[in-house]
Amino acid sequence: AKALGRSRYEIFDLTMHQNALSVLQLETELRRAVENQEFEIYYQPIVSLSTHQIAGFEALLRWHHPSRGLVYPGEFIPMAEETGLIIPMGWWMLRQACRQLELWHDTVQESELNQELAHQLTIYVNLSSKQFLQPELLEHLDKILHETHLHPSHLKLEITESCLLADPEIAEERLKELRDRQIGLCIDDFGTGYSSLSYLHRFPIDTIKIDQSLISNISIDVQGHCEAGMINRTKGLPLQIVRTIIMLADSLGMKVIAEGVETKEQLTQLRLLDCDYAQGYLFQAPLDALTAGKLRVEPQ
Ligand code: C2E
Ligand code: CA
Ligand code: CA
Ligand code: CA
C-alpha cells in the first residue's frame, strides 16, 4: 500500500509539474504575443429590435498563435488577468477598437450605406476588473477618445457584475467619473452568479446585457413541451427572469441587450418582451474588421 501511495504521489507530482510548465509557457507566449502584435479584434453586430438596424459592434479579442492557430479568449484571458498582462492588452484593444470605429464613421461617407445610421454606430469594449480599477483608466480613455475624435457616447464599456460587486463603493465612484464624461456603461453577463436586481439603481449604468445562459432557455414555452405543471414552471423560469430584468431596466431608464441569440424562437420571444437590442449567431458571428465593415447597416 505504501508503494502504491508513493507512485500515486509521483504521478500527481508529475501532473503538477506539467501544469506549472504549461502555465509558464502560456505566460511566456502571451508576453511575446503582446510584443509581436499577434492579436486581432473581431466584431459582432448588435442589432436594434425596433429599427432592425445594426446599432453597434462588440469588440472581441482573438489570438493568432504561431503554431496553435486561432485561439479564443476563454483560453488566455484568465492567465492574462492573473499575470497583469491584461492591462497592456486591454489598452491596445480599447485604442484599436476606437480607431476602427473612427474608420467606419469616416469611410461610410463614400459608400452607399445610410450615413446617418453609420454615424450612430457604437463600439462595445470589454473591460477587465483590473483595468476598471486602474488609476490611469480615465487618463487613457481621454487620450484615446481625443486621438480618435469619437464622441464618448459612441464608446460603451462592458463591465461584469462581479467587478462592480467586489467593491461597490469604489465601483460607484468609478462609474460616476465615466458617466460624467458621457462614456456608455453596460453591465455584461447580467443574470449569472451574483445577480442582484436590487443594486441596479445604485450604479449609473445605461445598458444591461443579459447573459446567453438565460437567453438560451427563454423559448421553451414557445415550443410548448409541457409535461407536469411543476416541470413547466421551472422551465419557464429563465423567461420570467428575463421579463423581470427588461421591465426593471425600462423603469430605470436603461436599455437591454440580449446576448447569444441563436434561434428565431428566442428572437420572437425577445420582441414580445420589448427587448431593445439583440446579439448572437442568429444575426452574425464575430467577424474580422474588413468583413464586418462590409455588412450592410440593415441586416435583413
Ligand atoms: P462575452 O463578453 O460574454 O462575449 C460574448 C461571447 O459569446 C463571445 O465569445 C462571442 O463570440 C460569443 N457569442 C456570440 N454570439 C453567440 C451565440 O449566439 N451563441 C454562443 N454560444 N456564443 C456567442 P468569445 O469571443 O470567445 O469571448 C469570450 C469572453 O472573453 C467574452 O465573453 C469576454 O468575457 C472575454 N473577452 C473577449 N475579448 C475581451 C477583451 O478584449 N477584454 C476582456 N477583458 N475580455 C474579453
Ligand atoms: Ca461582453
Ligand atoms: Ca457577455
Ligand atoms: Ca457571457
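Each ligand, and each atom within it, is numbered from 1 in the order the structure gives. For the single chain, residues carry numbers from 1 onward in sequence order. Keep in mind the model is a prediction, meaning the values are calculated, not measured.
- Using a 4.5 Å heavy-atom cutoff, the side chains of Ile205 and Ile159 are not in contact.
- Under the ring-ring contact (aromatic ring centres under 6.0 Å, His included) criterion, His201 pairs with no residue, sequence neighbours left out.
- The option with the heavy atom closest to atom 44 (N) of ligand 1, from among Cys186, Ser128, Cys163, Pro286, is Ser128.
- Close approach of ligand 1 to Met93 is summarised as follows: ligand atoms under 4.0 Å from at least one heavy atom of the residue are 41 (O).
- Not a single heavy atom of Gly74 sits less than 4.0 Å from an atom of ligand 1.
- The shortest N or O to N or O distance between Arg62 and ligand 1 is below 3.5 Å.
- Only protein N, O or S atoms were considered, and those under 3.0 Å from the Ca ion (ligand 2) are Glu58 OE2, Asn126 OD1, Glu158 OE1, Asp188 OD2.
- A donor-acceptor pair is defined here as one N or O able to donate and one able to accept, closer than 3.5 Å; no such pair exists between the side chain of Glu58 and the backbone of Pro45.
- Although no hydrogens or angles enter the test, the distance criterion places no donor-acceptor pair under 3.5 Å between the side chain of Asp211 and the main chain of Phe190.
- Residue pairs satisfying the side-chain hydrogen bond (donor to acceptor under 3.5 Å, both in side chains) criterion with at least one member in residues 241-256, sequence neighbours excluded, are listed as follows: Gln240-Arg243.
- Near Gln44, meaning under 4.0 Å from one of its heavy atoms, ligand 1 places the atoms 14 (C), 15 (N).
- Looking at Lys209, its side chain never comes within 3.5 Å of a backbone N or O of Glu158 through a donor-acceptor pair.
- With sequence neighbours excluded, the residues that form a ring-ring contact (aromatic ring centres under 6.0 Å, His included) with Phe39 are Trp63, Phe76.
- By the criterion of a heavy-atom distance under 4.0 Å, the side chain of Ile77, and not its backbone, is placed next to ligand 1.
- With atom 7 (O) of ligand 1 as the reference point, the heavy atom nearest to it among Gln212, Met89, Glu81, Gln284 is part of Gln212.
- The closest non-hydrogen atom to atom 28 (C) of ligand 1, taken over Ala258, Pro73, Ala59, comes from Pro73.
- Neither the backbone nor the side chain of Gln279 has any atom closer than 4.0 Å to an atom of ligand 1 (non-hydrogen atoms only).
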Checking side-chain hydrogen bond (donor to acceptor under 3.5 Å, both in side chains) for the pair Asp189/Thr192: CA distance, chi angles, key distance, verdict?
CA-CA 6 Å; Asp189 300 342; Thr192 57; 5.4 Å; no

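- We find the CD1-CD distance between Ile87 and Glu81 to be 9.5 Å, quoted to the nearest 0.5 Å.
- Proximity to Val261 (heavy-atom distance under 4.0 Å) selects the following atoms of ligand 1: 18 (O).
- Although no hydrogens or angles enter the test, the distance criterion places a donor-acceptor pair under 3.5 Å between the side chain of Thr148 and the main chain of Ile144.
- Considering Ile215, Val71, Asn126, Leu61 only, the shortest heavy-atom separation from atom 33 (C) of ligand 1 involves Asn126.
- With a heavy-atom cut-off of 4.0 Å, Gln131 does not touch ligand 1 at all.
- For ligand 1, the atoms closer than 4.0 angstrom to any heavy atom of Glu262 are 17 (C), 18 (O), 19 (N), 20 (C), 21 (N).
- Using cut-offs of 30° and 60° on the angle between ring planes, the pair His149 and His146 is tilted.
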Step by step, work out the side chain to side chain contact (heavy atoms under 4.5 Å, CB included) result for Met93 and Gln96.
CA-CA 5 Å; Met93 181 78 178; Gln96 274 317 106; 6.0 Å; no

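- With a 4.0 Å heavy-atom cut-off, ligand 1 is reached by no atom of Asp211.
- Side chain of His105 to backbone of Leu121: a donor-acceptor contact under 3.5 angstrom is found.
- Formation of a donor-acceptor pair under 3.5 Å by the Glu139 side chain with backbone atoms of Glu136 is not found in this model.
- Only the side chain of Asp189 comes within 4.0 Å of ligand 1, judged by heavy-atom distances.
- Near Glu58, the atoms of ligand 1 lying under 4.0 angstrom from a non-hydrogen atom of the residue are 2 (O), 4 (O).
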